[in-house]
Colleague: 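For reference, the structure I am asking about is given below.
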Amino acid sequence: MEKPGRYVERARDLEVYAVSLEVHRVTPAFPKIEQYALADQLRRSSKAICANLAEGFAKQSHSKAEFARFVSMAVGSCSEVETWICYAFDLQYITQSQLDAWRQSYAQIHGMLVSLREKLT
């Protein structure tokens, strides 16, 4: 998790990594019919945020614009996660409290990503 004044050294130090792990742990309980559909999409998009940040961070020394591009892709993946979370709730695969917690986490992550992208452009 990010701590004020602490330099983030790798993707797993980010809050989004912890939230993504939680999503990954919960989705195997989705119905079998959803394991290669909704559950898979939710896992992929939540992990894509971390992966895009890691790849962009690694390329930032060569190109600030390239880093900004990967941050933009992470923003898109975050929006995708938010959509899949709503589907999971509407289909009664997650509870109201889980929906609220994930929506709050991903809204905060989305805001941080947008701020980062704005500082890079």
Colleague: What pair of heavy atoms forms the shortest contact from A37 to I33, and how long is it?
Modeller: CB-O, 4.2 Å

Colleague: Do S46 and Y106 touch side chain to side chain, with heavy atoms closer than 4.5 Å?
Modeller: yes

Colleague: According to a 4.5 Å side-chain heavy-atom criterion applied to Ile, Leu, Val, Met, Phe, Trp and Tyr, with indirect links allowed, do V75 and I85 form part of one hydrophobic cluster?
Modeller: yes

Colleague: May I ask whether V19 and I94 are part of the same hydrophobic cluster, defined by side-chain heavy atoms of I, L, V, M, F, W, Y residues being less than 4.5 angstrom apart, directly or through others?
Modeller: yes

Colleague: Please work out whether the ring planes of F67 and F57 are parallel, tilted or perpendicular, with thresholds of 30° and 60°.
Modeller: perpendicular

Colleague: For F70 and N52, work out which heavy atoms get closest and say how close.
Modeller: CB-O, 3.4 Å

Colleague: Please report the closest heavy-atom contact between R117 and V71, naming both atoms and the distance.
Modeller: CB-CG1, 3.8 Å

Colleague: Taking all atoms of both residues into account, what is the closest heavy-atom pair of I109 and C78, and its distance?
Modeller: CG2-SG, 4.1 Å

Colleague: Quick one: closest heavy-atom pair of P28 and R43, and the distance?
Modeller: N-NH1, 4.1 Å

Colleague: Is the shortest side-chain heavy-atom distance between I49 and S20 below 4.5 Å?
Modeller: no

Colleague: How far apart are the C-alpha atoms of Q108 and R103, what are their side-chain angles, what is the distance that settles it, and do they pass the side-chain contact (heavy atoms from CB on, under 4.5 Å) test?
Modeller: CA-CA 8 Å; Q108 182 180 5; R103 285 176 81 182; over 6 Å; no

Colleague: If you count heavy atoms of other groups shown closer than 6.0 angstrom to CD of Q35, is the number above 12?
Modeller: yes

Colleague: Answer yes or no: are there more than 12 heavy-atom neighbours, outside Y87 itself, under 6.0 Å from its atom OH?
Modeller: no

Colleague: Taking C-beta and beyond as the side chain, do E80 and Q41 meet within less than 4.5 Å on heavy atoms?
Modeller: yes

Colleague: Nearest 0.5 angstrom please: L99 CG to Q104 CD, how far?
Modeller: 11.5 Å

Colleague: Considering only heavy atoms from C-beta outward, does the side chain of L42 approach that of F30 to under 4.5 Å?
Modeller: yes

Colleague: How long is the gap from CD on E34 to CG on D40, to the nearest 0.5 Å?
Modeller: 10.5 Å

Colleague: With a 3.5 Å cut-off and no angle check, do the side chains of E55 and Q60 form a donor-acceptor pair?
Modeller: no

Colleague: Examine V26 and L21 and state if one hydrophobic cluster contains both, with Ile, Leu, Val, Met, Phe, Trp and Tyr joined whenever side-chain heavy atoms are less than 4.5 Å apart.
Modeller: no

Colleague: Using the rule given for salt bridge (Lys or Arg N to Asp or Glu O under 4.0 Å), can you reason through E66 versus R69, listing the C-alpha separation, both sets of side-chain angles and the distance that settles it, and then say yes or no?
Modeller: CA-CA 5 Å; E66 187 75 354; R69 186 172 75 81; 3.0 Å; yes

Colleague: State, without any angle test, whether Q96 and D100 hold a side-chain donor-acceptor pair at a distance under 3.5 Å.
Modeller: yes

Colleague: For the hydrophobic clusters of this structure (ILVMFWY residues joined by side-chain heavy atoms under 4.5 Å, transitively), does one cluster hold both Y93 and V23?
Modeller: yes

Colleague: With a 4.5 Å cut-off on side-chain heavy-atom distances among I, L, V, M, F, W and Y, is there a chain of contacts connecting V16 to M73?
Modeller: no

Colleague: Can you tell me if W102 and E22 form a side-chain donor-acceptor pair at under 3.5 Å?
Modeller: yes

